[in-house]
**Student:** 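Quick one: the structure is below, and I'll ask about it shortly.
A, B, ... follow the sequence lines: proteins, then strands. Residue 1 opens every chain.
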Amino acid sequence: MIDVRLLRTDLDAVRTAQARRGKPDVLAQIDAAVALDTKLRDLTAERDALRARVNDLSKQVGGLRKAGKNDEAEAVMNESRALGETERQLQADFDGLQAQLRDVMLRIPNIPHVDAPNGGSDADNPVIKGPVNMPAAFGDHQRVPHWETATVLGILDNERATKIAGAMFTMQRGLGATLARALCQFALDQNADAFEEIRPPSLVTTATLTATGHLPKFADDAFAIERDDLWTIPTAEVPLTSLYAGEVLDEAQLPARLMAYTPCYRREAGSAGRDTRGMLRAHEFDKVEILAIATPEQSPTLLQELVGRAEALIAALELPYRIIEICTGDMGGSHHRSFDLEVYAPGCDAWLEVSSVSWFSDYQARRADIRFKRHGQKGTEIANTLNGSALAVPRVWAAILENHRQPDGSVRIPEVLRPYMRGAASMASK
RNA sequence: GGAACGGUGGCAGAGCGGACAAAUGCACCCGCCUUGAAAGCGGGAGGCUCAAAAGGCCCGGGGGUUCGAAUCCCUCCCGUUCCGCCA
């Protein structure tokens, strides 16, 4: 959520910034929020004055009773009783308005960072680095889609995954499964110097999924376990962001750096029929996420650090990549500023998004109620959150199969992964 | 799933219808004392809302009773222990 106070103090700035997203309905939501907020504040003043009166009368009753003046006490009680009726009515109105305001506020997106590039769609995302590791030319042996190579090598069995779980599920076998696990372990180990490893729940409550901004707007994208009122997580961002929800952290604890490997579940509603082959899109996949909870001042540096860490992993895997910045029209609703890391897959002839690193300013932290206290200062302040995929398995898995495919049809395993694959240097058909 | 007992400030823990934002201890901050520190003594300090003051709200969440609820009632959630089941 953005701070409601911004609507009162900097309405024009909010409008201008939100207009950069190019979503007309957002401006309408802002107007609605302003109207509700104004009414709510008037009502609050009215209700509080009434309450003050009731509180005062109640105290009088206590005093009169003790003094034995029961008749006078009775009169005051009657007056207070009458006011109580009005108070209850005002409170009911208040509750209704507040719920409406919250509902609108939850749907208003974050304010883009001043440096986020303007643009209307992903076509406008500028490439800010790369291509890196791009060979002058790819060999014919690399122009083979990973699903063909994987089938020949017997390391991917999506037909049986479909038999077991339905369309859009994948299943790796043998060294293919080992490779998926190796990528996760590698990503965790590479970031263990600065991040605490967490193994969080992958099923979460509605409140937790709301904190990150996935609800209420994107309910269709998540699997719901209705009987138990739980949701499957689309990313480890969800449980990690809420790890300190409702808590007040000491300034010295920041930045808190957390990382987690989790399975990720996405319904991919609206994507039926797209990327049906191979590993490019699935309902369930593995990912290692790195995340920071920080002060606003620490955030810009952390954002660069997270991008750098994601980049280092891809570079170590000897894959061609580039970094793009997400423009205002393509940015996620919770995002303040974000960058994507794309890997080139010669077999598919496509740039695959393998990592997305974002700064959420205080948008998620306000929803999750994560605050911190500065030394020597009164009060608390909303924290900032940032996160990024250190490594998302499926597309990296696919890119390895395509980039590292050898003329003889085998796939070379990058050096850095071999210790995680029982020393295997390549995957070849039997 | 069943039973019992709990959920109060950063932590521990009292309060169980009327001046309770809430005793006390620990931790914390500021003084005094001291060469410095500890101990001791004195003082301070919760969060949210409001531009601020006033006011209001917050004793797990929600609802109810009452002139008045941390305190009584209902309900949900969470925790601990025991039983059952189980990887």
**Student:** Taking B:rG47 as the reference, what is the distance to B:rA22 when you measure between their C1' atoms (whole Å, please)?
**Tutor:**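 It comes out at 14 Å once rounded to the nearest Å.
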**Student:** Looking at side-chain heavy atoms only, is the closest gap between A:Val288 and A:Ser389 below 4.5 Å?
**Tutor:**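 Result no, sub-4.5 Å side-chain heavy-atom pair not found.
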**Student:** Measuring only the P atom in each nucleotide, how far is B:rG9 from B:rG64? A whole number of Å is fine.
**Tutor:**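 Those two atoms are separated by 25 Å.
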**Student:** Provide the distance between the two C1' atoms, one in B:rA14 and one in B:rG6, to the nearest whole Å.
**Tutor:**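 Here B:rA14 and B:rG6 have their C1' atoms 15 Å from each other.
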**Student:** Using atom P in both nucleotides, what's the gap between B:rG79 and B:rC74 to the nearest angstrom?
**Tutor:**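 Their P atoms lie roughly 22 Å apart.
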**Student:** For A:Phe223 and A:His283, I'd like to know if the aromatic rings sit close, meaning centre-to-centre distance below 6.0 Å.
**Tutor:**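 Yes, they do, as the ring centres are separated by less than 6.0 Å.
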**Student:** Ion pair present between A:Glu305 and A:Arg257, side-chain N to carboxylate O less than 4.0 angstrom?
**Tutor:**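 Salt bridge present between A:Glu305 and A:Arg257.
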**Student:** In whole angstrom, what separates A:Met105's CE from B:rU49's P?
**Tutor:**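 These atoms are roughly 13 Å apart.
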**Student:** For atom C1', what is the distance between B:rC48 and B:rA21, given to the nearest Å?
**Tutor:**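 One C1' to the other, the span is 13 Å.
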**Student:** When the distance from CG of A:Asp3 to C1' of B:rC48 is rounded to whole Å, what number comes out?
**Tutor:**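 Rounded to the whole Å, the gap is 13 Å.
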**Student:** From CG of A:Leu249 over to C1' of B:rG10, roughly how many Å is that when rounded to an integer?
**Tutor:**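 Between C1' of B:rG10 and CG of A:Leu249: 12 Å.
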**Student:** Take atom CD of A:Gln98 and atom P of B:rG62, then tell me their distance rounded to the nearest Å.
**Tutor:**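 Taking atom P of B:rG62 as the reference, CD of A:Gln98 is at 11 Å.
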**Student:** Give the rounded distance in Å between these two atoms: CG of A:Leu230 and C1' of B:rC77.
**Tutor:**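 Rounding to the nearest Å, CG of A:Leu230 and C1' of B:rC77 are 13 Å apart.
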**Student:** Check residues 236-244 of chain A and write down every donor-acceptor pair under 3.5 Å in which the side-chain atom is one partner and the other belongs to a residue at least two apart or another chain.
**Tutor:**
from	atom 1	to	atom 2	distance (Å)
A:Glu237	OE2	A:Gln364	NE2	2.9
A:Thr241	OG1	A:Glu237	O	2.6

**Student:** Are any of A:Arg366's side-chain N or O atoms less than 4.0 Å away from OP1 or OP2 of B:rC48?
**Tutor:**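 No, outside the criterion.
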**Student:** Measuring only between side-chain heavy atoms, which start at C-beta, is A:Glu196 closer than 4.5 Å to A:Met259?
**Tutor:**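 No, too far: nothing below the 4.5 Å cut-off.
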**Student:** Specify the residue among A:Val76 and A:Glu381 whose closest nucleotide of RNA chain B lies further upstream toward the 5′ end.
**Tutor:**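 Checking each residue's closest nucleotide, the 5'-ward one belongs to A:Glu381.
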**Student:** Within residues 79-95 of chain A, find the residues that approach RNA chain B with a heavy atom at under 4.0 Å, and present them sorted by residue number.
**Tutor:**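 Going residue by residue through residues 79-95 of chain A, the ones with a heavy atom under 4.0 Å of RNA chain B turn out to be A:Ser80, A:Arg81.
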**Student:** Starting at CG of A:Asp228 and ending at C1' of B:rC77, how long is that distance when rounded to a whole Å?
**Tutor:**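 Nearest whole value for this atom pair: 15 Å.
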**Student:** Please give the nucleotide sitting opposite B:rC85 as a Watson-Crick or G-U wobble pair, both distances under 3.5 Å, or none.
**Tutor:**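 Its partner: none found.
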**Student:** Go through B:rG18, B:rG47, B:rU49 for me and flag the one nearest to the A:Arg371 side chain.
**Tutor:**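 The listed nucleotide nearest to A:Arg371's side chain is B:rG47.
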**Student:** Are side-chain heavy atoms of A:Glu318 and A:His404 found at a separation under 4.5 Å?
**Tutor:**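 Of all side-chain heavy-atom pairs linking A:His404 with A:Glu318, at least one is under 4.5 Å.
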**Student:** Whole-Å distance between B:rA19 C1' and A:Arg65 CZ?
**Tutor:**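 From A:Arg65 CZ to B:rA19 C1': 17 Å.
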**Student:** Rounded to whole angstrom, note down the C1' distance from B:rC73 over to B:rU66.
**Tutor:**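 Result for the C1' pair: 12 Å, nearest Å.
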**Student:** Using the P atoms only, state how far B:rG31 lies from B:rG15, rounded to an integer number of Å.
**Tutor:**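 About 37 Å, rounded to a whole number of Å.
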**Student:** Which distance, rounded to the nearest 0.5 Å, do you find between the CD1 of A:Ile128 and the CG of A:Asp340?
**Tutor:**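 Result: 10.5 Å between the selected atoms.
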**Student:** Are A:Gln172 and A:Leu179 side-chain neighbours, meaning at least one heavy-atom pair lies under 4.5 Å?
**Tutor:**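 In short, these two side chains do not touch, never coming nearer than 4.5 Å.
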**Student:** OP1 or OP2 of B:rC48 less than 4.0 angstrom from a side-chain nitrogen or oxygen of A:Thr380, does that happen here?
**Tutor:**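 Yes, such a contact exists.
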**Student:** Nearest 0.5 Å please: distance from the CG atom of A:Asp122 over to the CD1 atom of A:Ile324.
**Tutor:**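 CD1 of A:Ile324 is found 8.0 Å from CG of A:Asp122.
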**Student:** Between A:Arg41 and A:Lys59, name the one whose nearest nucleotide on RNA chain B is closer to the 5' end.
**Tutor:**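 Mapping each residue to its closest nucleotide by heavy atoms, the 5'-most match is A:Lys59.
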**Student:** For residues A:Glu289 and A:Thr235, determine if any side-chain heavy atom of one lies less than 4.5 Å from a side-chain heavy atom of the other.
**Tutor:**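 Answer yes - side chains close enough.
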**Student:** State whether A:Lys373 places a side-chain N or O below 4.0 Å from either non-bridging phosphate oxygen (OP1 or OP2) of B:rG10.
**Tutor:**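 No, A:Lys373 has no side-chain N/O under 4.0 Å of OP1/OP2 on B:rG10.
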**Student:** If we take the P atom in both B:rC82 and B:rG17, what is their distance in whole Å?
**Tutor:**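 33 Å, rounded to whole Å.
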**Student:** Please work out which of the three classes, parallel, tilted or perpendicular, describes the rings of A:Trp359 and A:His336, given edges at 30° and 60°.
**Tutor:**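 Rings of A:His336 and A:Trp359: perpendicular, over 60°.
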**Student:** Tell me the partner of B:rC5, counting only Watson-Crick (N1-N3 plus N6-O4 or O6-N4) or G-U wobble (N1-O2 and O6-N3) with both under 3.5 Å; none if nothing fits.
**Tutor:**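 Its partner is B:rG79 (Watson-Crick or G-U wobble, both distances under 3.5 Å).
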**Student:** Assign a letter to each nucleotide of nucleotides 53-59 of chain B from its 5' end: B, base within under 4.0 Å of a protein heavy atom; S, sugar-phosphate only; -, no contact.
**Tutor:** --BSS--
**Student:** For B:rG25, which nucleotide in any strand shown is its Watson-Crick or wobble partner with both distances under 3.5 Å?
**Tutor:**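 Checking every strand shown, B:rG25 finds its partner in B:rC11, with both distances under 3.5 Å.
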**Student:** Roughly, in whole Å, what's the span from CD in A:Gln253 to P in B:rG10?
**Tutor:**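 Atom-to-atom, A:Gln253 to B:rG10, this comes out as 13 Å.
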